[in-house]
Structure formats: structure tokens, C-alpha cells
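Data first, discussion second: the structure below is written as C-alpha cells.
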Amino acid sequence: MSGIELRNIYKDYLPGIHAVTNLNLTIEDGEFVVFVGPSGCGKSTTLRMIAGLEDITAGEIYIDGEKVNHIHPKDRNIAMVFQNYALYPHMTVAENMGFGLKMKKMGQSEIDQRVEEVAKSIGLEDFLERLPKELSGGQRQRVALGRAIARKPKVFLMDEPLSNLDAKLRGQTRAEIIQLTRDLGITTVYVTHDQVEAMTMADRIVIMNNGFIQQVGSPRELYLDPDNKFVAGFMGSPAMNFIEVEITPQGLMRENWGLPIPETILDDLINKGYLHKTMTLGIRPENIHLARERDHSEQSYSFSSEIKLAEMLGSETLVHFDMAGQPMVAKLFTLEAFDRGQAEDWVLDFDYVHFFDGDTEQRVLLTPAKQPASISI
Ligand code: ADP
């Protein structure tokens, strides 16, 4: 068993200023957990504390049931993969991959055998005698991965390992890392600022902001059931549209603009004390539709707005328009061509509309609450 437990972790680089605040998390044996969030939110600091490269200001870290706060990085049985590969330039691929084993005083023939095995598993067997400078960026990152695998660690720690690769290689290497770590069943903690990497790679995502965990859950849970406006806005591309509205007995109001909404939702918000309060409405681009494409019941909640810009991406088109003066984007799965200035009637799919408290930005759960599993897109 090689789980990781983080208990009440704080990190202050400067006295009294928390880079990480009261972080609590249990990572199960074999789990692939991705820390994601904007730059400076504390994800690398957390990873470096697990690795032992950074002191912990307060709290406890356990790896495989053992408290490691004061255990030297090299004795934690972890392997790290960084974005800059950190390969030794004067060593061949084989030497780089075997270096950690040599440090552990493993015999040369055993090292050669292990390196060959690993090289085969990641398609590097023909490159073993090359120097890093004779490899592409993707191959170098694979050597770094190979070096990590060869050590047979209890835990993999990866810090933005794909960010130096171009888009195509990034996609390929992403798939390779997923397959490798799943095949090996090694507990992996992966740090990225890229929500697509988080969504596609993680068993569970830990989303952070300003040193705090915002939410922990499966990619599906975070996407369909965000706890707050930050999580809702971070996961998904293009991002969820947000608009501030006042709740009135007639529906939503924003200055001189009004929109009726389904009665069950309105009653629910009023019951929860939001009458005449400001809330943020959130709706994902794929949940905004052309009214003419929907059935009659939805059309009663439609509003008109001109198209400002249409970006055809292939199977879908991103259409920009204003809703009560607020820029919005809809993702339409159509091959239809749109003109700038074209007037359209729009509807929001109220099954997927979120409401956030205007002050706390916490999501207000509508009754009856929808379970992610019961929602299909
Ligand atoms: P992320 O990995 O999410 O981009 P970091 O963990 O690197 O964020 O940083 C978290 C916070 O700690 C940031 O405010 C950053 O400026 C600060 N920080 C990181 N490293 C140091 C350091 N060595 N000294 C002082 N402050 C630091």
C-alpha cells in the first residue's frame, strides 16, 4: 500500500503568509491525482512538500503509512518528473535512466537489465546510446519518465511534465503517461495549470486557489457539480458564462432586461431567501441553444440577441452574443453558417443552469438536487 496522507498542511515562505493553508487530503494507493489551479495557487509547493524538497511549516505528511516530515527526499521512495526533464547532458539515455539505480549501489548487470526492460516498455530501446541533445523534446521527457520508472518508486510526482512539448506531442505523451501509470498501478500526484490535462488524466482532481483546496472530486463531479463559482469557471473550455442577475417574482432582472424562468426554480430560489437578491447565473456554452431548434416549452424562456462573432471549429461553432449587456458564448453543434449582426432567439437549458450566491460565490443547490450520475449531456 502506498497511499499519501496530507494532514493540516500549511506552508509559509514568509512569516504569517500562507502559500498553502490547512490542506487535508488522502490519496489512495494506485490513484492518479491531479492538482490543478491558476499560477501561484500552491500546487507545486504541495508537490515539493510531498517530495521533501520544501519544509512543511505545519502539519503532517504520511507516505505508505509512515510519517515523512523529516525523512530525506532520497529516502522517501518517490520519483519526480519535471517539465525541464533534468537529464544529465553528458550521459547517454541508458546512463541517465540507470543513474538512480547506480546511486542505490545496484550492480551494473542488473542496472543494464532493468534499463533495457523499461526502455522497451516506453519505446526507447533504439535510443539507449544517444545523448539527450540528440533526442526530440518528447523523447527526452520519455527518458525522464523511464528514469523514474526504473527506480520502481512507491509514488510518482510530476510537475507540469508536458508543458515544454508542442500540442501534438503533449496529447500523445499525455496518453502514454496515463497508460504507463495505470499499467504500473503506481500512486501518482500530477501538477498542472491545464484543466484539459486534469480532466483527461485524473482519477480525482484537487482544484486549488490562493493556497486553499476549492474542491476534490472526479473530473465528472467537478464539471457537472461544482461547489462554487471558481471551480465552475475553471473547469471547461470555453469557460462557463456568468451573469449577475436579480431574483424577482417575474424571474431574472438586470437593469431594464428581464427573463422569465421555470417556476420550480424561481420558487426554490425564493424559498431559499434570494428574492430581490443578486445572484450569479452560470451556464456552460454547450447548454445555450437557438430557440428555433428547441421545443415549445423551452421557447417561452427565450430572449433575442444579435450574433457578434461566430467561430467555426469544425463540428461545432462558438457563437458570441450579448445577454443583457453581458458577453456570452454558445457552443452550437451545427454546420450552419452564421452572419455577424444576425438576430436570433436564444434559450438557456435550465436543467444545466447554476446559481451562485452573490456574496459567498458558493453554488446554491436547487431542490431536488441533481446527481451527476443522472445527468447525461
Ligand atoms: P503554483 O505551483 O500553483 O504556481 P507555487 O506553489 O509555486 O504555485 O506558489 C505558491 C505561492 O508561494 C505563490 O504565491 C508563490 O509566489 C509563493 N512562493 C513559491 N515559492 C516561493 C519561494 N521559494 N519563496 C517565496 N515565495 C514562494
Side-chain angles (χ1 to χ4, degrees), residues 4-27 31-63 68-70 72-73 76 78-86 141 144-145 148 155-165 170 173-174 177 181 187-217 219 222-223 226-237 239 361:
I4 302 171
E5 204 178 330
L6 304 165
R7 280 196 208 153
N8 307 109
I9 300 293
Y10 286 81
K11 174 67 186 180
D12 301 355
Y13 287 104
L14 298 166
I17 301 178
H18 304 323
V20 171
T21 308
N22 196 20
L23 190 142
N24 284 283
L25 183 71
T26 301
I27 298 171
E31 210 180 3
F32 196 115
V33 166
V34 176
F35 278 76
V36 70
S39 178
C41 71
K43 13 182 229 304
S44 294
T45 298
T46 305
L47 194 78
R48 293 169 60 81
M49 286 192 286
I50 298 173
L53 301 174
E54 207 69 74
D55 286 339
I56 305 164
T57 306
E60 291 163 353
I61 297 186
Y62 295 82
I63 298 178
V68 295
N69 285 45
H70 301 295
H72 195 273
R76 292 192 186 193
I78 49 152
M80 280 199 84
V81 181
F82 300 95
Q83 62 174 286
N84 60 8
Y85 324 129
Q141 191 51 287
L145 269 176
V155 172
F156 273 144
L157 302 177
M158 306 197 187
D159 194 349
E160 306 253 5
L162 306 182
S163 52
N164 280 348
L165 307 180
R170 205 156 52 218
T173 315
R174 190 169 77 201
I177 291 178
T181 52
T187 312
T188 306
V189 185
Y190 186 104
V191 160
T192 180
H193 65 277
D194 180 349
Q195 57 96 17
V196 176
E197 274 176 32
M199 287 290 284
T200 51
M201 299 180 90
D203 292 322
R204 272 192 310 159
I205 295 175
V206 179
I207 177 162
M208 293 185 74
N209 194 26
N210 289 332
F212 288 87
I213 291 185
Q214 298 290 313
Q215 193 171 352
V216 181
L222 295 206
Y223 191 76
D227 279 350
N228 58 42
K229 189 180 161 197
F230 177 82
V231 174
F234 195 83
M235 308 304 293
S237 174
E361 301 196 340

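For ligands, and for the atoms within them, numbers begin at 1 and follow the listed sequence. Here, residue 1 is the first one in the sequence, and each next residue gets the next number.
- Distance remark: protein heavy atom not present below 4.0 angstrom from atom 15 (C) of ligand 1.
- Between the side chains of Asp12 and Thr57, not a single donor N or O lies within less than 3.5 Å of an accepting N or O.
- For Asn24 (side chain) and Asn8 (main-chain N/O), a donor-acceptor pair under 3.5 Å exists by modelled atom type.
- Side chain to side chain, Tyr13 and Thr45 meet the donor-acceptor criterion of an N or O pair below 3.5 Å.
- Side-chain contact, Asn228 with Gln214: a donor N or O sits under 3.5 Å from an acceptor N or O.
- Note on Glu31 versus Arg204: salt bridge recorded, some NZ/NE/NH1/NH2 to OD/OE distance being below 4.0 Å.
- Using a 4.0 Å cut-off to heavy atoms of Pro38, the atoms of ligand 1 that qualify are 3 (O).
- Among all protein heavy atoms, the one lying closest to atom 23 (N) of ligand 1 is Tyr13 CE2, 3.7 Å.
- Of all atoms in ligand 1, numbered sequentially from 1 with element shown, those under 4.0 Å from a heavy atom of Ala19 are 11 (C), 12 (O).
- Looking at Cys41, Gly40, Gly211, it is Gly40 that brings a heavy atom closest to atom 11 (C) of ligand 1.
- Here's the thing with Gly42: one of its N/O atoms is less than 3.5 angstrom from an N/O atom of ligand 1.
- Proximity to Thr45 (heavy-atom distance under 4.0 Å) selects the following atoms of ligand 1: 5 (P), 6 (O), 9 (O), 10 (C).
- Taking every heavy atom of both residues into account, Pro219 and Ile205 meet most closely at CA-CD1, 3.8 Å.
- Closest protein heavy atom to atom 7 (O) of ligand 1: Ser44 CB, 3.9 Å.
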